[in-house]
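Comments concern the structure below.
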Amino acid sequence: MTPAAPSATPSAVPAFDRSHTDDLIAYLQSSPSPFHAVAEAAARLEKAGFRQVEETAAWDAAFGGRYLIRGGALIAWYVPEGATPATGFRIVGAHTDSPNLRVKPIPDTGTDGWRQVAVEIYGGVPLNTWLDRDLGLSGRLALRDGSVVLVRIDEALLRVPQLAIHLDRSVNDALTLDRQRHLTPIWGLGDVHEGSLISYVAAAAGVTAADVVGWDLMVHDVQPPSYLGRDRELLAAPRLDNLLSVHAGTAALAAAAAGGTLDHIAVLAAFDHEENGSESDTGAQGPLLGNVLDRSVFARGGTLEDRARALAGTICLSSDMGHAVHPNYSERHEPGHHPMPNGGPILKVNVNNRYATNATGRAVFAAACEKAGVPWQSFVSNNSVPCGTTIGPITAARLGIATVDCGVAALSMHSARELCGADDPFLLASALKAFLES
Ligand code: ZN
């Protein structure tokens, strides 16, 4: 590649529009946990005219935008005027969870005068990426009266300190981290008292500690996302996998609904628990999405026959992060398929159904990108390197609907801080909008 001419102002943000990525940065900052991610997506959908429905209420046949929240999952849908009970769905699928460290049921621990917090490891965490970072804490508290409050502490509260090189001269040859002993964050000095962490968190949430009877709490890096690179063409941020897709899907759904002329019912399905197998009431293995589609058909007076016709005319675009070619490890990638940041969204293929894409799905994805005027790239694994997977094959198998796996190419996937192209979030959102509108 010919080097670009030196920029007169190397640190300046490029002139073209990065408002979508700026908005993604704000979304990531607002969403340290899946519970915050769905609350923030819901707030954006409310602004776009969507209204929340309760799963326990009877649903009406109204046209327009609706959404529901269950824990860390959100399903939103827009029924256009003129939709019949047999109208098919266009679904954008994504997930709200990211690998991290989560607080154990009896959190207060410590030794040698240090206060520490006992944590479990959630999902496929590259453990070293959590060392020596300033960590905040977030999640939800369940109260004695049955209510749930979200809590977010965005300040340097905890840290998993790495052992000094003087005490382990082999660290640069073989860093070994024991998942039980070496990942326990410190959060200060002093005696250990049972209940002190939850008291601290309860105070931050503005509730009485004695009322807190359950919690789903997790740590996050408090360093804000940042543009990176000579021309600021990259984005360094936590939770790009997969809040980048949730954010893009939310923006695409709101824009498609505002456009007005849809032939399908446009849906965003943002699941929790993808990172540990999707097997939960809020994960893609559960009945949540299927229930919403069924109830949507039945609310409009549909029969089982209408439901079967609707699902036969349905396509799901499952969006998740994928691997950009790593310049220091290019031998790990398929030699003929080297996705690059800012090359546009990637189409993910695996013939053994780790991804759900097939020839007809490729055609759907290509048509959406062409309609949106965005470039796209193909991803396939090196045959000698095991391929990851997504909610795509799960959704295809569970609901029997045509599904395509796509996403955005990134480095450092699952790291506490990942890296992608700064233009790709907008390119993905544009393709998702075109898909929902087609
Ligand atoms: Zn993911």
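What you see is a predicted model; the values in this text were computed from it and never measured. In listed order, ligands and their atoms are each counted from 1. Note: hydrogens, waters and symmetry copies are ignored here, and every other heavy atom, side chains too, is used.
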For the Zn ion (ligand 1): the N/O/S atom of [X] at shortest distance:
{"X": "H95", "answer": "NE2"}
{"X": "D320", "answer": "OD1"}
{"X": "D241", "answer": "OD1"}

>> Do E275 and H414 pair up side chain to side chain, a donor and an acceptor below 3.5 Å, judged on atom types alone?
In response: yes

> So does R44 pair up with D23, basic N to acidic O under 4.0 Å?
Replying inline: yes

> So does D294 pair up with R307, basic N to acidic O under 4.0 Å?
Replying inline: yes

>> Using a distance threshold of 2.8 Å, state whether an N, O or S atom of E275 lies below it from the Zn ion (ligand 1).
In response: no

>> Show, in sequence, the C-alpha distance, side-chain angles and deciding distance for R115 and D108, and conclude whether the salt bridge (Lys or Arg N to Asp or Glu O under 4.0 Å) test is met.
In response: CA-CA 7 Å; R115 284 189 189 133; D108 295 292; over 6 Å; no

